[in-house]
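Computation of the quantities below employed the complete heavy-atom set of this structure, encompassing side-chain atoms and omitting hydrogens, waters and symmetry-equivalent molecules. Throughout, a chain's letter reflects where its sequence line sits, starting with A, and its residues are numbered from 1.
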Amino acid sequence: MITRMSELFVRTLREDPADAEVPSHRWLVRAGYIRRAAPGIYSWLPLGYRVLRKIEQIVRQEMDAIGAQEVHFPALLPREPYEATGRWTEYGPNIFRLKDRKDGDYLLGPTHEEMFTLLVKDLCSSYKDLPLNLYQIQTKYRDEARPRAGILRGREFVMKDSYSFDIDDAGLQKAYDLHRSAYVRIFDRLGFDYAIVQAMSGAMGGSASEEFLAIAENGEDTFVRSPGGYAANVEAVHTAAPEPIPFEDAPAAHVEDTPDTPTIETLVALANDRFPREDRPWTGADTLKNVVFMVTEPDGTRAPLAVGVPGDREVDLKRLAAQLEPAEAEVFTEEDFAANPGLVKGYIGPARTPGGAGLGEESASTVRFLVDPRVVSGSRWLTGANEPGRHVFDLVAGRDFTPDGTIEAAEVRAGDPAPDGSGPLELARGIEMGHIFQLGRKYAEALGLKVLDQNGKLVTVTMGSYGVGVSRAVAAVVEGTCDEKGLCWPREVAPFDVHVVVAGKDAAALEWAADLGRKLDEAGIAVVLDDRKASPGVKFADAEIMGMPTIVVVGRSLADGLIEVRDRASGERTEVAVDDALGHLLAVVHGMPDLGEPDLVEPVAE
RNA sequence: CGGGGCGUAGCGUAGUGGCUAGCGCGCCUGCUUUGGGAGCAGGAGACCGCGGGUUCGAGUCCCGCCGCCCCGACCA
């Protein structure tokens, strides 16, 4: 069956929808692929749904190819399993919750670790049942604080999630590597320009974790990469810390009056004016900036946390949050300062005052104090003296103060050295398309998933968890491929291979085009035929917005025995003799080099 | 949750407290047109986000709510 534009359920828009900012959202709506149903929730129209299913199919093929088995869980789930792992509480307002008629608690699944774990627990009891690799392609629900950019971040979305179950770490590593290779094939087939980066495991728990980021201006994730191949999400970047410095010869710390210097800028200016150094001027990098946060644990307990970073850097709140998860950090408010008189805003430092102020568990104020990894033993700092208008010079880490630990919370900058010595980092943005985790035993332990090993001993199963954003991939492909005229699909995911435009008014053109469409269809090529009684300009514009990779124009040159074949992506136009048309198109669609050769496939007799 | 912008027909929009809420696109009917978003004529389509209030009179002013978009917070 060829699809006729006169019958296709689609309406293209001549103007941009006012609420769409990013290109993928704009074009998918304008081309009639999706419609907004509610904030962050979209309906899929025939064209959009075809793309979604094609991407699903690619994912399905590659998952099957590594021996994963497809299952399908409900989206509507009972509370109990999520209660057992603590996520009923941990997910907080991000979960859609509902009650049944008996007042029982349910949720719309945001992810399915619990359900998979319980199913495997149900059915598996021996090491002989492992390894096991299950996946599903499911609609997920998360009540995002801010859905944005159409289907790039929705509250309802389609995700492929899979879970591996192994008896030991070696098995988990193998399952992880298999998934990684499958993901490489998936994202290659989707045509993404992507990066595989080290990631934080976040709320999922677990250890090793990598993200697949489609490189895109509109991506929400910032990542770094070095010429030598280091790549990491900015949240997961490890700072290249200098070696400890011997401090036997370091001068003693001394407190100086530094009136009106509550900021690094004012402090550096005053230091250069009143305490100039011979070798080089003071800079922000010589100062230790101590920023205080109020940290709230999941159980509701609150405590201040001081973070010490070189004064020329800001604390990156996303990096800080990633380190503290599941606890949450907020900047210290005026009320918080009022409640903690030992913390003198603008002059906070690790130095002990006679009154016992200062940072760290050992100080009287017992404010937990974590520092940037650059604050190594022996490094000398100009920092707050915990008194208004006073700073301490030559305060040496490891001699004059001992932080409670280090934290990766300072901002990462382009040009910073990679931690593995592979060169300076560059920053780029990406869309998170896939994430692979070695979960370990967190869920298996919480839910009691154990099997008997060869010695008849009960052992806890180790798990991996792996996700691909399927609906997000639709938008991400568009972000990477659309142009100023509209969508521009890679052939693997295009809703149709060939868009036939009937540009002439005479019935012969329509008839010939329909016949060509029928023959292509019989050869297994998906065709949409624009048979509408519309002006050619409308049809050309619609073909370009809709974005099929090959556009065939059947018009007045048909009288001269010619049609036109256009490549949507390059804009290239080729005149082809009608007798060669079928063969030419088969070659184009199948990516064969010898274009123009007719009869590559014998058309089926009508 | 904080800051900013904004809700008028399917889409994009105009609208000094004052007549029957206007325009473009799209849609319907007829005729003409057909290689780059056609022309003419006629038509359908709007509880102006919702609820209060001020006023002789509210799309317009005031209060409250809801919703959308952007930035931030947040987010496998």
Side-chain angles (χ1 to χ4, degrees), chain A residues 11-22 25-26 29-30 32 35-36 38-40 87 90-95 109-114 140 142-150 152-155 157 159-163 199-206 209-212 218 220-221 233 235 293 317-318 320-322 325-326 328-331 333 432-437 439 442-443 464-469 472 485-486 501-507 509-510 530 532-545 551 553-559 562-564 566 573:
Chain A
R11 167 66 39 87
T12 58
L13 304 179
R14 194 177 283 222
E15 283 164 295
D16 286 336
D19 61 352
E21 292 286 326
V22 300
H25 186 198
R26 195 162 65 226
V29 172
R30 265 191 72 176
R35 299 291 295 179
R36 196 184 76 96
R87 291 211 289 187
E90 258 176 46
Y91 257 101
N94 295 315
I95 256 179
T111 174
H112 280 73
E113 278 76 9
E114 285 83 352
K140 307 285 187 187
R142 291 184 197 172
D143 194 359
E144 295 280 353
R146 187 154 85 84
R148 60 176 291 273
L152 266 182
R153 175 172 293 282
R155 297 196 296 169
F157 56 98
M159 174 166 128
K160 186 287 298 177
D161 51 325
S162 44
Y163 306 87
M200 297 293 293
S201 39
M204 300 293 304
S209 148
E210 288 171 291
E211 286 172 341
F212 289 69
N218 288 313
E220 295 183 285
D221 288 81
N233 191 301
E235 291 170 7
F293 297 90
L317 291 175
K318 285 195 173 191
L320 179 70
E325 204 168 348
E328 289 177 12
E330 297 158 285
V331 291
T333 62
E432 182 182 349
M433 293 312 313
H435 202 157
I436 53 179
F437 289 91
L439 267 188
K442 173 179 169 176
Y443 291 89
S465 146
Y466 318 87
V468 171
R472 176 180 283 181
K485 288 178 173 172
V501 171
V502 181
K505 65 170 172 181
D506 65 289
L510 176 57
D530 195 345
R532 295 174 300 175
K533 295 187 207 323
S535 69
V538 170
K539 294 184 176 183
F540 292 145
D542 277 351
E544 279 152 357
I545 289 178
I551 299 168
V553 183
V554 180
R556 61 182 174 208
S557 63
L558 188 66
L562 293 172
I563 60 160
E564 188 180 302
R566 300 183 184 179
R573 304 181 180 193

May I have the distance from [X] (atom [atom1]) to [N] (atom [atom2]), rounded to whole angstrom?
X: A:Arg36; N: B:G67; atom1: CZ; atom2: P; result: 11 Å
X: A:Arg26; N: B:C11; atom1: CZ; atom2: C1'; result: 15 Å
X: A:Arg153; N: B:C71; atom1: CZ; atom2: C1'; result: 15 Å
X: A:Glu15; N: B:U13; atom1: CD; atom2: P; result: 8 Å
X: A:Ile95; N: B:C75; atom1: CD1; atom2: P; result: 14 Å
X: A:Arg148; N: B:A73; atom1: CZ; atom2: P; result: 12 Å
X: A:Glu144; N: B:G72; atom1: CD; atom2: C1'; result: 15 Å

Suppose you measure atom [atom1] in [N] against the same atom in [M]; what distance do you get, rounded to whole Å?
N: B:G49; M: B:G15; atom1: P; result: 15 Å
N: B:G7; M: B:G12; atom1: C1'; result: 14 Å
N: B:G57; M: B:G18; atom1: P; result: 14 Å
N: B:C48; M: B:A58; atom1: P; result: 13 Å
N: B:U55; M: B:C61; atom1: C1'; result: 10 Å
N: B:C62; M: B:U54; atom1: P; result: 15 Å
N: B:U60; M: B:U8; atom1: C1'; result: 11 Å
N: B:G37; M: B:C11; atom1: C1'; result: 15 Å

Using every non-hydrogen atom in the two residues, find where [X] and [Y] come nearest and quote the distance to one decimal.
X: A:Asn233; Y: A:Ala199; result: CB-CA, 4.4 Å
X: A:Arg472; Y: A:Glu432; result: NH1-O, 2.8 Å
X: A:His435; Y: A:Ser209; result: NE2-OG, 2.7 Å

Using 0.5 Å steps for rounding, measure from the [atom1] atom of [X] to the [atom2] atom of [Y].
X: A:Thr111; Y: A:Arg87; atom1: OG1; atom2: CZ; answer: 5.5 Å
X: A:Asp506; Y: A:Arg556; atom1: CG; atom2: CZ; answer: 11.5 Å
X: A:Ile545; Y: A:Thr12; atom1: CD1; atom2: OG1; answer: 5.0 Å
X: A:Leu13; Y: A:Arg26; atom1: CG; atom2: CZ; answer: 12.5 Å

Under 4.0 Å, counting only non-hydrogen atoms across every strand here, what does A:Arg11 touch: a base, just sugar-phosphate, or nothing? sugar-phosphate
Counting any heavy atom closer than 4.0 Å, what does A:Tyr466 reach on the DNA or RNA strands: base, sugar-phosphate only, or nothing?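 Result for A:Tyr466 = nothing.
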5' precedence on RNA chain B between A:Ala149 and A:Glu211 (nearest-nucleotide basis):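 Residue closer to the 5' terminus by nearest nucleotide: A:Ala149.
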Earlier contact from the 5' end, RNA chain B, for A:Gly467 and A:Pro17: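 Result of the comparison: A:Pro17.
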Does A:Arg532 offer a backbone N or O that forms a donor-acceptor pair with the side chain of A:Asp530 under 3.5 Å? yes
Taking it one step at a time, do A:Glu544 and A:Arg566 satisfy side chain to side chain contact (heavy atoms under 4.5 Å, CB included)? CA-CA 10 Å; A:Glu544 279 152 357; A:Arg566 300 183 184 179; 4.2 Å; yes
Are A:Lys442 and A:Glu113 ion-paired here, with the side-chain N under 4.0 Å from a carboxylate O? no
Heavy-atom protein contacts under 4.0 Å, nucleotides 34-45 of chain B, coded B base, S sugar-phosphate only, - none: BBBBS-------
Dot-bracket notation for RNA chain B is requested: 5' to 3', Watson-Crick or G-U wobble pairs only, both distances under 3.5 Å, with ( ), [ ], | and . as defined. (((((((..((((....[...)))).((((((.....)))))).....(((((..]....))))))))))))....
